[in-house]
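Any value given below was found using the heavy atoms of this structure, including those in side chains, with hydrogens, waters and symmetry copies removed.
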Amino acid sequence: LSMGLTALVTADLGSFPLLWVIPLGLYLLTFVIAFKEKRFVTVAFLSKAQLLATVPLIGIFIINGGSYATSWITTLVPLAAFFFSALWCHMRLADDRPKPTSLTEYYLWMSLGGALGGSFNAFVAPLLFSYPVEFILIAASTLLLHRAAPRPAVIGLLFVATFLALAALYLLHSYAVEFIVPILVALLLTPLVLTFYPRLLALSVFLIVLFTQTAFVARDRVAIARNFFGVVEVVDRKNAKGDAWRFYVNGSGVHGMQSLTLEPTGFKRNLTYLNPVKALADIFVFTDVGVLGAGPAMAMCLSEKQKATTIYEIDPLSKETAEQHFSYIKECGQPTWRMGDGRLELARDVSARYDLLIIDAFTAGSVPLHLLTAEALAIYTQRLKNTGILLFNTNNLYYNFGPAILALTKQAGMQAWEHHANPKPDFLNGIATSNWILVTQSDHAFNQSALSALGWTKMEQSEEFPIWTDELANVLATLKFLHK
């Protein structure tokens, strides 16, 4: 349960020690409370609290179409469900403690259970499920520990059938738009009633998770795959005009898209969030281009003047997806792939010198902090030509990396410019939010008036921000609500 929660939360909010510690801390806290001689809560109270905390978890899972896109607010729901479930299970476990003569066997079986659960999460779940649903499943499994309801089972089964029918209607979009509100209300109220039948509620969740896993591809998803680095989806959708768009989805964020309707192809394509970079490529000559973070390989089509493009990518799924499901590589040329950690591969590529180096690894909630330290910036500048430009894509759901990047550039004696466009995206019409920071080694490396004409503004440091290094980087200081 703890490992499932950690995988769920870190998939979007970023994988760093603070988010690993929170589930672990809650787990240890429930152990301490459960095994104390004097408790401030009863098992009966926790039984009801655990049931009620699980209902919103199930509701959000269904409303999100069989996934659980976390944010700093919705993370509280699985944390609450985890806390009450873990505490209830640990208190029942503590109440079943044997006599001292059998404690060795008792703790051995407890440890073995934890090892088996961890092995399931680490090795089995990624093979069985295309999305991290193991936390939802295990949270629902705890409902099976409740006693069978004394109420008539027929009534419970009727509510199960109603719940499953509503979930199928919603997940398959088989309803008129005007019925969306009553369907959503019923989807939340039905499992609330089923808390009187906890085992039937668990059965309902198992069936819904199974359905969402099989319906993922059957709906509008062309492909979905999961590995150590996360979940990659390819989704096709149409707008009101009937124009089709293909989206590259990583976690809960869109990291690229492509029109499937007839339009200018190749170097004349609409590159959505990369359009500000494309405009730069129309003015400046970027012959050699380096990109950290592949996405669907949209950077291949910036300009006909680019002769060689090297993509540094750590996730094999990204390379596979870009080559099989998007046509940017086919239309604009084959890149040189450097598979592995982008910073390490760039450091090893000692002969590389780029006119343009794009750091595009921060979409969604991913936070590879080692790409935003003083040591990383030193590597980037070593790989730039004298007039080379460094670009950071700062699109992110939760963090504003602008102050951190500006502090680094000021310390290094470099100049930083920023460009912001389309704060309210309209993906189905080819409009994506675009936030970029341009870094150059001097103001004389490019035409500043041309840059200003394209909507770029020079960044000025309004407040002191600590320099991030490999030893110290405080990601909480970049939370968006702190920089509004």
Side-chain angles (χ1 to χ4, degrees), residues 1-5 8-9 22-64 68 70 73-97 110 113 117 133-164 166-167 184-209:
L1 196 63
S2 175
M3 288 182 65
L5 176 63
L8 182 72
V9 171
I22 293 175
L24 178 60
L26 288 176
Y27 170 81
L28 295 175
L29 178 62
T30 61
F31 233 110
V32 171
I33 296 173
F35 282 83
K36 283 183 65 176
E37 290 187 10
K38 293 183 179 180
R39 299 168 177 170
F40 60 88
V41 289
T42 63
V43 174
F45 168 80
L46 281 175
S47 176
K48 295 181 177 62
Q50 189 255 349
L51 281 169
L52 294 176
T54 306
V55 170
L57 182 74
I58 298 167
I60 294 175
F61 177 78
I62 296 172
I63 290 171
N64 281 332
Y68 197 100
T70 51
I73 301 300
T74 57
T75 298
L76 298 177
V77 174
L79 285 175
F82 169 77
F83 177 78
F84 287 116
S85 297
L87 183 56
W88 181 60
C89 291
H90 284 156
M91 286 182 69
R92 292 192 57 178
L93 193 64
D95 290 342
D96 289 338
R97 269 181 301 183
M110 187 189 301
V133 295
E134 49 268 27
F135 176 72
I136 308 290
L137 279 176
I138 298 172
S141 298
T142 61
L143 301 177
L144 297 174
L145 299 175
H146 289 265
R147 293 186 178 86
R151 300 163 188 81
V154 175
I155 297 176
L157 290 173
L158 286 174
F159 275 102
V160 168
T162 304
F163 185 36
L164 294 177
L166 289 168
L184 288 176
V185 171
L187 270 174
L188 293 176
L189 291 180
T190 310
L192 193 62
V193 174
L194 280 173
T195 56
F196 293 104
Y197 304 88
R199 294 184 178 181
L200 290 179
L201 179 58
L203 174 64
S204 302
V205 175
F206 296 153
L207 292 175
I208 288 171
V209 170

Which residues share a side chain to side chain contact (heavy atoms under 4.5 Å, CB included) with [X], sequence neighbours left out:
X: Phe45; result: Val41, Thr42, Ala49
X: Leu207; result: Leu164, Leu203
X: Leu52; result: Leu192
X: Val43; result: Arg39, Trp88, Met91, Arg92, Asp95

From [atom1] ([X]) to [atom2] ([Y]), nearest 0.5 Å:
X: Leu57; Y: Ile62; atom1: CG; atom2: CD1; value: 10.0 Å
X: Met110; Y: Asp96; atom1: CE; atom2: CG; value: 10.0 Å
X: Ser2; Y: Phe135; atom1: OG; atom2: CZ; value: 9.5 Å
X: Leu143; Y: Ile138; atom1: CG; atom2: CD1; value: 12.5 Å

Identify the heavy atoms of [X] and [Y] that sit nearest to each other, and give their distance.
X: Pro23; Y: Leu5; value: CB-CD2, 3.8 Å
X: Ala140; Y: Val205; value: CB-CG1, 3.6 Å
X: Ala34; Y: Ala94; value: O-CB, 3.5 Å
X: Ala186; Y: Leu166; value: CB-CD1, 3.5 Å

Worksheet item: Should the ring pair Phe31 and Phe35 be called parallel, tilted or perpendicular, given that the plane angle runs from 0 to 90° and is split at 30 and 60?
Response: parallel

Fill in: side-chain contact (heavy atoms from CB on, under 4.5 Å) between Val193 and Phe163, intermediate numbers included
CA-CA 10 Å; Val193 174; Phe163 185 36; over 6 Å; no

Fill in: Pairs meeting criterion side chain to side chain donor-acceptor pair (under 3.5 Å) with involvement of residues 48-60, two or more places apart
Gln50-Ser85, Gln50-Thr142, Gln50-His146

Do [X] and [Y] have side chains that get closer than 4.5 Å, going by heavy atoms?
X: Ile58; Y: Leu201; result: yes
X: Tyr27; Y: Leu1; result: no
X: Thr30; Y: Phe82; result: no

Discussion item. If the condition is side-chain hydrogen bond (donor to acceptor under 3.5 Å, both in side chains), which residues does Thr190 pass it with, not counting sequence neighbours?
Written reply: none

Worksheet item: Should the heavy atoms of other residues, nucleotides or ligands under 6.0 Å from CZ of Phe159 be counted, would the total exceed 12?
Response: no

Discussion item. One pair to check against side-chain contact (heavy atoms from CB on, under 4.5 Å): Leu51 and Phe196. What are the steps and the verdict?
Written reply: CA-CA 9 Å; Leu51 281 169; Phe196 293 104; over 6 Å; no

Worksheet item: Among Ile155, Val160, Leu157, which one satisfies side-chain contact (heavy atoms from CB on, under 4.5 Å) with Tyr197?
Response: Ile155

